[in-house]
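What you see below is based on every heavy atom in this structure, not just the backbone, and it leaves out hydrogens, waters and symmetry mates. None of the values given here were measured: they were computed from a predicted structure. Ligands are counted one by one from 1 in listed order, and the atoms in each one are counted from 1 as well.
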Amino acid sequence: MDFVDLPAGLSLVEEPMRGIKVDTQLCTGLVLEHGAHVVEWTPKSASDPVLWMSEKSDFADDKPIRGGVPIVYPWFGPGRKGTEQPGHGFGRLAPWRLMSAKVTDRGAAHLVFQMNAKDDSLLGVNRYPEATVELHLSMGSVLQMSLVVTAREHKIDFEEGLHTYFTVGDVRKIKINGLDGEPYTDNLTGKFHRLEGDLTFDAETDIRFDTVKNPRIVDEELARVISIESVGASNVVVWNPWVDKSKAMPDFGDDDWPGMVCVEVANARSGSLVLAPGERHVMSQVITVREI
Ligand SMILES: O=P(O)(O)OC[C@H]1O[C@H](O)[C@H](O)[C@@H](O)[C@@H]1O
């Protein structure tokens, strides 16, 4: 950040943590160095925030942020062994460095962050040099995020995800369409199923689809459809903690669960990736909001 000049429309902020504030004719937004975390993206046409943020979130070097778009890398949840720490990997806890910042004439902000390869002090482990990990971000009337992983001298084997929290009117009244007929694993029971019709919510939900199809959140209450289009992802994870889990999470309000849903594009479990030395993989999502 110290080496990159910020054009009009971008400014440096220190609160709630150090990051880049975006304010252009197309959108407002906020991306923090901590985890290259997109905390806010609101297109100028939207009357409600698109991304959900917990008012109880921590903003600390050693804690993940609850809301926005946490980057999951290099393992998902507790990983394939079920014992990895920290949960969802160190990507969301790592300091990332701004490598370039541009704003187009039309007002789209293009930012590139790289996971800081020099600072491994945070977690006391020297894992970063295995790969170069970048987030390429375009924030305008749509939000486009690409996680770009390039193996260095050795073969790497990893999981990843863009763990997006969306604001919804009431999770009990939304439906997610686009995934009809797709197979999924219920992470709460370990059982396999196949979705029939639209996905709706009437209990705690934590499921992982094996799919390359694109989900849409149909939200009559907020009169909008949010589309999540991905490239290079073989999973979609859908999560809502419902009543009891919300109470158990200190960084999540007890009554916040109806107003959010996570729809996460990922390569996890059987979708995990292997890259040969020098090989690169890109996983992208494009988020679009349309009024209904
Ligand atoms: O609390 P976190 O580590 O941020 O994880 C929040 C959630 O993320 C994903 O959706 C997982 O599938 C869930 O099992 C997990 O509870």
Is the closest side-chain donor-acceptor distance between His281 and Glu279 under 3.5 Å?
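Judged by distance alone, the side chains do not pair up.
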Could you tell me whether the side chains of Thr288 and Glu229 share a donor-acceptor contact shorter than 3.5 Å?
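Side chains of Thr288 and Glu229: no pair found under 3.5 Å.
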Option from Val69, Val31, Val22, Val289 for which side chain to side chain contact (heavy atoms under 4.5 Å, CB included) with Trp41 holds
Val289
Please work out which of the three classes, parallel, tilted or perpendicular, describes the rings of Phe158 and Tyr73, given edges at 30° and 60°.
tilted
Relative to each other, are the rings of Trp52 and Phe252 parallel, tilted or perpendicular (30° and 60° limits)?
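Tilted.
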Of all the non-hydrogen atoms in the protein, which one sits nearest to [atom], and at what distance?
| atom | result |
| --- | --- |
| atom 9 (C) of ligand 1 | His163 NE2, 3.3 Å |
| atom 5 (O) of ligand 1 | His88 NE2, 3.3 Å |
| atom 2 (P) of ligand 1 | Arg66 NH1, 3.6 Å |
| atom 16 (O) of ligand 1 | Lys245 NZ, 2.9 Å |

Dump the intermediate steps for salt bridge (charged side-chain N to carboxylate O under 4.0 Å, His left out) on Glu33 and Arg97, then the final yes or no.
CA-CA 6 Å; Glu33 280 186 336; Arg97 181 169 165 191; over 6 Å; no
Within a distance under 4.0 Å of any heavy atom of [X], pick out the atoms of ligand 1 and give their elements.
| X | result |
| --- | --- |
| Asp206 | 11 (C), 12 (O), 13 (C), 14 (O) |
| Val237 | 10 (O), 12 (O) |
| Glu264 | 9 (C), 10 (O) |

Mind listing the closest non-hydrogen atom pair of Pro277 and His154 along with its distance?
CG-C, 3.8 Å
Determine whether any heavy atom of Arg92 lies closer than 4.0 Å to an atom of ligand 1.
yes
Would you mind telling me if ligand 1 is within reach of the side chain of Arg208, the backbone, both or neither, using heavy atoms under 4.0 Å?
neither
